[in-house]
Amino acid sequence: MEKKEKCKSKIDSGEVLEEVVDKSEDTKDCTDNELIKIKAELEAAVTELNKQKDCLLRTAAEFDNYKKRTDRERASIAEYAKAGVIKQLLPVIDNVDRANEYEKGSAEYNKGIELIVKQLLDLTEKLGVEQIGTVGETFDPQYHEAVMHSQDENAPENSISQVMQKGYKIGETIIRPAMVQVVN
């Protein structure tokens with residue numbers, strides 16, 4: 001009776017392997033029915049293990065496919081966004097070509113350049129781009145890059161006295177900081 005309990009305890013604990021069942025001293029006193037039951041449970045456990053392994057491999061493959069698909073979609077969206085911006089820039093490029101047909105410095109040329117600049121500013125505003133860095137504004141290192149310092153008793157301290165290159169941002173993302181001269 002004690003040996004039968006050992007067999008059951010091995011079955012319940014999941015420690016039984018097929019070769020252990022065949023070679024073990026403890027299973028020699030087990031009946032053929034008990035050995036058949038042990039082997040059946042072992043086969044069921046191996047089958048379940050193989051199902052779980054297959055499920056894990058399928059899940060890993062699905063995840064890999066998901067990553068590849070999202071990378072392709074992300075690249076496609078970026079390309080589509082670039083194409084949209086370029087499409088909106090094409091009329092500006094056309095106007096630059098037209099302005100180049102006139103003699104530089106003539107009234108038509110100057111008016112063409114003014115219209116192109118206005119068209120570009122309207123486009124950037126439409127796309128949500130804001131200019132940053134204006135004379136008189138307080139210097140902020142997040143938005144401005146100080147390239148020069150000057151002394152001016154009439155200007156407030158730490159203010160921008162000259163803008164060398166305008167900066168731009170979309171929302172809170174800085175596209176390019178403004179290059180400025182700051183009053184000490």
Can a donor-acceptor pair be found, under 3.5 Å and without considering hydrogens, that links the side chain of Arg58 to the backbone of Lys53?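 No, the answer is negative, given that no donor and acceptor are paired below the 3.5 Å cut-off.
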
Do side-chain atoms of Thr70 reach the backbone of Tyr66 as a donor and acceptor pair under 3.5 angstrom?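 A pair under 3.5 Å: yes.
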
Distance from [X] atom [atom1] to [Y] atom [atom2], nearest 0.5 Å?
X: Ile116; Y: Leu123; atom1: CD1; atom2: CG; value: 13.0 Å
X: Gln131; Y: Tyr168; atom1: CD; atom2: OH; value: 4.5 Å
X: Arg176; Y: Glu145; atom1: CZ; atom2: CD; value: 10.5 Å
X: Lys37; Y: Glu34; atom1: NZ; atom2: CD; value: 8.0 Å
X: Asp140; Y: Ile132; atom1: CG; atom2: CD1; value: 9.0 Å
X: Lys39; Y: Asp32; atom1: NZ; atom2: CG; value: 9.0 Å

Could you tell me which non-hydrogen atom of [X] sits nearest to which non-hydrogen atom of [Y], and how far apart they are?
X: Ile160; Y: Val163; result: CG2-CG2, 4.0 Å
X: Ala178; Y: Gly133; result: CB-CA, 3.8 Å
X: Val135; Y: Ser161; result: CG1-O, 3.8 Å
X: Pro91; Y: Lys87; result: CD-O, 3.5 Å
X: Val129; Y: Ile170; result: CG2-CG1, 3.6 Å

Side chain to side chain contact (heavy atoms under 4.5 Å, CB included) assessment of Gln52 paired with Leu56: CA-CA 6 Å; Gln52 293 297 323; Leu56 178 63; over 6 Å; no

Under the ring pair (Phe, Tyr, Trp, His ring centres under 6.0 Å) definition, can you give me all pairs with a residue in residues 114-147, not counting sequence neighbours?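 Every ring pair (Phe, Tyr, Trp, His ring centres under 6.0 Å) pair that includes a residue of residues 114-147, provided the two are not neighbours, is Phe139-His144.
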
Are a donor atom and an acceptor atom from the side chains of Glu62 and Thr59 found within less than 3.5 Å of each other?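 No, no side-chain donor-acceptor contact under 3.5 Å.
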
Is there a path of hydrophobic side-chain contacts, each under 4.5 Å between heavy atoms of I, L, V, M, F, W or Y residues, that connects Val85 with Ile77?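 No: no chain of side-chain contacts under 4.5 Å links Val85 to Ile77.
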
If hydrophobic clusters are built from ILVMFWY residues whose side chains come within less than 4.5 Å, do Val96 and Leu89 share one?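 They do share one cluster, since a chain of ILVMFWY contacts under 4.5 Å joins Val96 to Leu89.
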
In sequence, state the C-alpha distance, the side-chain angles, and the governing distance for Lys166 and Met179, and then conclude on side chain to side chain contact (heavy atoms under 4.5 Å, CB included). CA-CA 7 Å; Lys166 293 178 183 176; Met179 291 175 45; over 6 Å; no

More than 12 heavy atoms of other residues, nucleotides or ligands under 6.0 Å from CD of Glu125: is that the case?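 Atom CD in Glu125 is not crowded, with 12 or fewer foreign heavy atoms closer than 6.0 Å.
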
Have a look at Val147 and tell me which of Met164, Gln165, Gln181 forms a side-chain contact (heavy atoms from CB on, under 4.5 Å) with it.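 Exactly one option meets the side-chain contact (heavy atoms from CB on, under 4.5 Å) with Val147, and it is Met164.
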
Does Lys67 pair with Asp71 as a salt bridge, N-O distance under 4.0 Å?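 Salt bridge between Lys67 and Asp71, a charged N being under 4.0 Å from a carboxylate O: no.
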
Which residue pairs pass the side chain to side chain donor-acceptor pair (under 3.5 Å) test with at least one member in residues 115-124, sequence neighbours excluded?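 Residue pairs with at least one partner in residues 115-124: Asn95-Gln119, Lys118-Asp122.
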
Could you check if a side-chain atom of Lys82 sits within less than 4.5 angstrom of a side-chain atom of Tyr80, using non-hydrogen atoms only?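 No, side chains not in contact.
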
Taking side chain as C-beta onward, heavy atoms only, is Val183 less than 4.5 Å from Ser150?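 Val183 reaches Ser150 side chain to side chain.
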
For Thr134 and Glu137, what are the C-alpha separation, side-chain angles and deciding distance, and is it a side chain to side chain contact (heavy atoms under 4.5 Å, CB included)? CA-CA 6 Å; Thr134 56; Glu137 187 178 333; 3.0 Å; yes

